[in-house]
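Computation of the quantities below employed the complete heavy-atom set of this structure, encompassing side-chain atoms and omitting hydrogens, waters and symmetry-equivalent molecules. Along the sequence shown, the residues carry numbers beginning at 1.
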Amino acid sequence: MAGKRPTDTGAVDRSEGFGERLLGVLLDRAHEMPPQLIAPLIAEEVAKVGGRHVSILLQDYAQLLLVPLPGRGLTVGRPELIGDSHAGAAFLYGASVEVPQDDGVRMYLPLLDGSDQAGVLALTLDTVDDDDRRLLRRLSGLVADILVTKHSYTDQFFLARRREPMSLAAEIQWSLLPPLAMSVPQVAVAGILEPAYSVAGDSFDYALNEDILHVAMVDAMGHGLDAATMATVAVGAYRHARRAEIGLSEIYAFMDRAIAEQFGPDHFVTAQMMRLNITTGHLQWVNAGHPSPLLIRNRQVVRQLEGPTTLPVGFGGEQPQISEQMLQRGDRVLCFTDGLIEEHEAGEEQFGEEQLIRWVNRIEHTEKGVRAVVRSLSHALKQERGGSTSDDATLFLIEWRGGAADHLAVLE
């Protein structure tokens, strides 16, 4: 670690094996630390590599800002815009950003937990070399793992991410969601819910099991706590059926019975369930009352993925027909709920699918990566609809890349 400013304990250690020892110490100490001491621990360990002005930035629920995590030893400044800041670029695109400054180099490192971004680690070094970059990448990955682990039994990180009061229905829905984005060599997904702090009936779920990506999107009737409760049962039924390794038609039937038995004949949930073979690109889906997904190829919507629809779950529909599509590498599939296209001002026309397609084509040419596209699209559409929405509006984007990932299991 050349050219680093001495710390309070003396010059920065550059001995062989120092990086391994530092990561090991951080991991060992983090296991026994209560959540409130994690931030000071991270700041202390970063100082050992010559880092200063350390900030941990977490995404707010509306996906607008990166919010500094408060904590002793951390620099807590103003929130950073996700769409227009160095920290935001590191977060959206999962790549480190280096910014030369008068007092050194400001580093913004994505906190990658597996393939999901937990936030951004920011710090300043006097100079940066390749050894620094390698160590900091590993350090930021370890910090991400620590934050995600501690996140499961503290409210500290939830509270830091909130920028406004959250409804009870939204609280339930957020606790139900998987990570908002996932990326592996063969496939990437990203989703977003609006309005973030008062969403009720919309939800999505996904799982990657061996070579099959499983996806579901649901939209429970009504608003508020009743809708959130129905969506919770629908997603729970979907997960239970999916884990029983039954077919899409059987999954639909299981969800249908669960909603009907719990809520009666006057309640329903629209839903869409998909399976994508990430090796071959073979996509199958069952549509139970949702708008048809959009197929995007070469950054352009080429058509809607239309197919037979069945009744929403809860209405006792007949066994659904399964639609199929072979994807080409690089194809994207955009799923959305009707709240996105049915929104309108009093007396005005609905937003509509044609406007949605125009915006998809525009943003596909200005953004890269599924997380960036789905976030920009949701925010642009919300602004076009007057900055607010009277119904939940959800987007979920899938990108199929294909190929094999076996080489990743080989240790070199």
Undergrad: Say you draw a straight line from CG of L58 to CG of L147; how long is it, rounded to the nearest 0.5 Å?
TA: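 Going from CG on L58 over to CG on L147, the span is 6.5 Å.
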
Undergrad: Please give me the minimum heavy-atom distance between A372 and L92, naming the atom from each residue.
TA: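 It is CA-CD2, 3.9 Å.
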
Undergrad: Would you sort out whether L395 and E194 count as a side chain to side chain contact (heavy atoms under 4.5 Å, CB included), showing the intermediate values?
TA: CA-CA 9 Å; L395 291 164; E194 292 283 3; over 6 Å; no

Undergrad: Please set out all donor-acceptor pairs under 3.5 angstrom arising from side-chain atoms of residues 226-243, sequence neighbours excluded.
TA:
residue	atom	partner	partner atom	Å
T229	OG1	L225	O	2.8
T232	OG1	A228	O	2.7
Y238	OH	V215	N	3.4
R239	NE	D205	OD1	3.2
R239	NE	D205	OD2	3.0
R239	NH2	L176	O	2.7
R239	NH2	D205	OD1	2.8
R242	NH1	D205	OD2	2.7

Undergrad: Any chance you could lay out the side chain to side chain contact (heavy atoms under 4.5 Å, CB included) test for L381 and L340, step after step, and finish with the verdict?
TA: CA-CA 8 Å; L381 295 179; L340 197 75; 3.8 Å; yes

Undergrad: Check whether any side-chain heavy atom of I278 sits under 4.5 Å from a side-chain heavy atom of I212, and report yes or no.
TA: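 Side chain of I278 against side chain of I212, heavy atoms only: no contact under 4.5 Å found.
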
Undergrad: Mark yes or no for whether H214, through its side chain, and N209, through its backbone, hold a donor-acceptor pair below 3.5 Å.
TA: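 Absent.
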
Undergrad: Treating Y197 as the side-chain partner and R163 as the backbone partner, does any N or O pair qualify as donor plus acceptor under 3.5 Å?
TA: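 Yes.
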
Undergrad: Which atom names give the shortest non-hydrogen contact between Y153 and P35, and what distance separates them?
TA: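 Reported closest heavy-atom pair: CE1-CG, 3.9 Å.
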
Undergrad: Check whether N287 reaches the backbone of Q272 with its side chain - one donor and one acceptor, N or O, closer than 3.5 Å.
TA: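 Looks like no, no N/O pair under 3.5 Å.
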
Undergrad: Checking the side chain of N361 only, and the main-chain atoms of V301 only, is there a donor and an acceptor separated by less than 3.5 Å?
TA: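 Answer holds: yes.
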
Undergrad: When rounded to the nearest 0.5 angstrom, what distance separates CE in M221 from CD1 in I259?
TA: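 Output value for this atom pair is 11.0 Å.
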
Undergrad: Is there a donor-acceptor contact under 3.5 Å linking the side chains of E367 and S376?
TA: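 On atom types as modelled, these side chains qualify, holding a pair under 3.5 Å.
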
Undergrad: Which heavy atom of A196 sits nearest to which heavy atom of W174, and what is that distance?
TA: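 Nearest heavy atoms, A196 then W174: O-NE1, 2.8 Å.
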
Undergrad: Any side-chain heavy atom of L283 sitting closer than 4.5 Å to one from M274?
TA: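 Answer yes - side chains close enough.
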
Undergrad: Give, for atom CD1 of I172 and atom CG of L177, the distance between the pair rounded to the nearest 0.5 Å.
TA: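 Interatomic distance, I172 CD1 to L177 CG, rounded to 0.5 Å: 12.5 Å.
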
Undergrad: OG of S198 to NE2 of H223: how many Å apart, nearest 0.5 Å?
TA: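 Atom-to-atom, S198:OG and H223:NE2 are 10.5 Å apart.
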
Undergrad: Which heavy atom of W400 sits nearest a heavy atom of G281, and at what distance?
TA: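 Result for this residue pair: CZ2-N, 3.2 Å.
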
Undergrad: With a 4.5 Å heavy-atom cut-off, do H365 and Q300 have their side chains touching?
TA: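 Contact flag for H365/Q300 side chains = yes.
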
Undergrad: Would the distance check show the side chain of S55 and the main-chain N or O of T75 forming a donor-acceptor pair, the cut-off being under 3.5 Å?
TA: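 A pair under 3.5 Å: yes.
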
Undergrad: Would you say the side-chain atoms of D155 pair up with the backbone N or O of F158, donor to acceptor, closer than 3.5 Å?
TA: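 Pair absent, no side-chain N/O of D155 close to backbone of F158.
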
Undergrad: Find out whether I251 and R275 are in side-chain contact, i.e. whether some heavy atom of one side chain is under 4.5 Å from a heavy atom of the other.
TA: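 SC-SC contact between I251 and R275 confirmed.
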
Undergrad: Is there a side-chain contact between L295 and D331 in this structure, where contact means two heavy atoms from C-beta onward sitting under 4.5 Å apart?
TA: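 Yes, side chains in contact.
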
Undergrad: Side chains of R52 and T124: donor-acceptor distance under 3.5 Å anywhere?
TA: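 Side-chain D/A pair, R52 to T124: absent.
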
Undergrad: Would R297 and Q328 satisfy side chain to side chain contact (heavy atoms under 4.5 Å, CB included), going step by step from the backbone distance to the final call?
TA: CA-CA 8 Å; R297 181 169 293 161; Q328 298 180 13; 3.3 Å; yes

Undergrad: Measuring from atom CD of E45 to atom CG of L142, what distance do you get when rounded to the nearest 0.5 angstrom?
TA: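 Here the rounded value is 9.5 Å.
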
Undergrad: Looking at side-chain heavy atoms only, is the closest gap between V67 and R161 below 4.5 Å?
TA: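 Heavy-atom side-chain distance check fails, nothing below 4.5 Å.
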
Undergrad: Testing L327, T279, I398 for side-chain contact (heavy atoms from CB on, under 4.5 Å) with V187, which one passes?
TA: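 Checked L327, T279, I398 against V187; only one passes side-chain contact (heavy atoms from CB on, under 4.5 Å): I398.
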
Undergrad: Give a yes/no verdict on a cation-pi contact between K150 and F157, requiring under 6.0 Å between NZ or CZ and the six-membered ring centre and an angle within 45° of the axis.
TA: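 No, K150 does not sit over the ring of F157.
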
Undergrad: If only atom types and distance count, is the side chain of S378 paired as donor or acceptor with the main-chain N or O of R375 below 3.5 Å?
TA: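 Looks like no, no N/O pair under 3.5 Å.
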
Undergrad: Please check if the side chain of T270 supplies one atom and the backbone of D219 the other of a donor-acceptor pair under 3.5 Å.
TA: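 Checked: pair present.
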
Undergrad: Go through the steps for T127 and L125 under the test side chain to side chain contact (heavy atoms under 4.5 Å, CB included), then give the verdict.
TA: CA-CA 5 Å; T127 61; L125 296 171; over 6 Å; no

Undergrad: Could you label the plane-to-plane angle of the H267 and F263 rings as parallel, tilted or perpendicular, counting under 30° as parallel and over 60° as perpendicular?
TA: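 Judged by the thresholds at 30° and 60°, the geometry between H267 and F263 is tilted.
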
Undergrad: Around atom CD of E354, are there more than 12 heavy atoms of other residues, nucleotides or ligands at under 6.0 Å?
TA: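 No.
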
Undergrad: To the closest 0.5 Å, what do you measure between CG (L109) and CD1 (I56)?
TA: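 Interatomic distance, L109 CG to I56 CD1, rounded to 0.5 Å: 11.5 Å.
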
Undergrad: Quick check: are there more than 12 heavy atoms from other residues, nucleotides or ligands sitting under 6.0 Å from CD of E210?
TA: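 No, not enclosed.
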
Undergrad: Just one of L180, L64, V120 clears the side-chain contact (heavy atoms from CB on, under 4.5 Å) bar with Q59, so which one?
TA: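 Only one of L180, L64, V120 forms a side-chain contact (heavy atoms from CB on, under 4.5 Å) with Q59, namely L180.
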
Undergrad: Look at the aromatic rings of F268 and F315 and report parallel, tilted or perpendicular, splitting at 30° and 60°.
TA: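 Geometry flag for F315 against F268: tilted rings.
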
Undergrad: A side-chain contact here means heavy atoms from C-beta on lying under 4.5 Å apart; do R106 and E98 qualify?
TA: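 No, too far: nothing below the 4.5 Å cut-off.
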
Undergrad: Indicate whether any N or O donor in one side chain lies under 3.5 Å from an N or O acceptor in the other, for D202 and T337.
TA: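 A donor-acceptor contact under 3.5 Å links the two side chains.
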
Undergrad: Identify all side-chain donor-acceptor contacts of residues 78-90 below 3.5 Å with residues at least two apart in sequence or on another chain.
TA:
residue	atom	partner	partner atom	Å
S85	OG	L81	O	2.4
S85	OG	G88	N	2.8

Undergrad: Please determine whether a side-chain nitrogen of the Lys or Arg among R162 and E171 lies less than 4.0 Å from a carboxylate oxygen of the Asp or Glu.
TA: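 E171 and R162: salt-bridged.
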
Undergrad: Please name the pair of heavy atoms, one in V76 and one in P70, separated by the smallest distance, quoted to 0.1 Å.
TA: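 For V76 and P70, the tightest heavy-atom pair comes out as CG2-CA, 3.7 Å.
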
Undergrad: Taking the side chain as every heavy atom from C-beta outward, state whether V374 and L377 have any atom pair closer than 4.5 Å.
TA: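 No, their side chains stay 4.5 Å or more apart.
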
Undergrad: Identify all side-chain donor-acceptor contacts of residues 319-326 below 3.5 Å with residues at least two apart in sequence or on another chain.
TA:
residue	atom	partner	partner atom	Å
E324	OE1	H282	NE2	2.6
Q325	OE1	R303	NH2	2.3

Undergrad: Which atoms form the tightest heavy-atom contact between A188 and V370, and what is the distance?
TA: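 Closest approach of A188 to V370, heavy atoms only: CB-CG2, 3.9 Å.
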
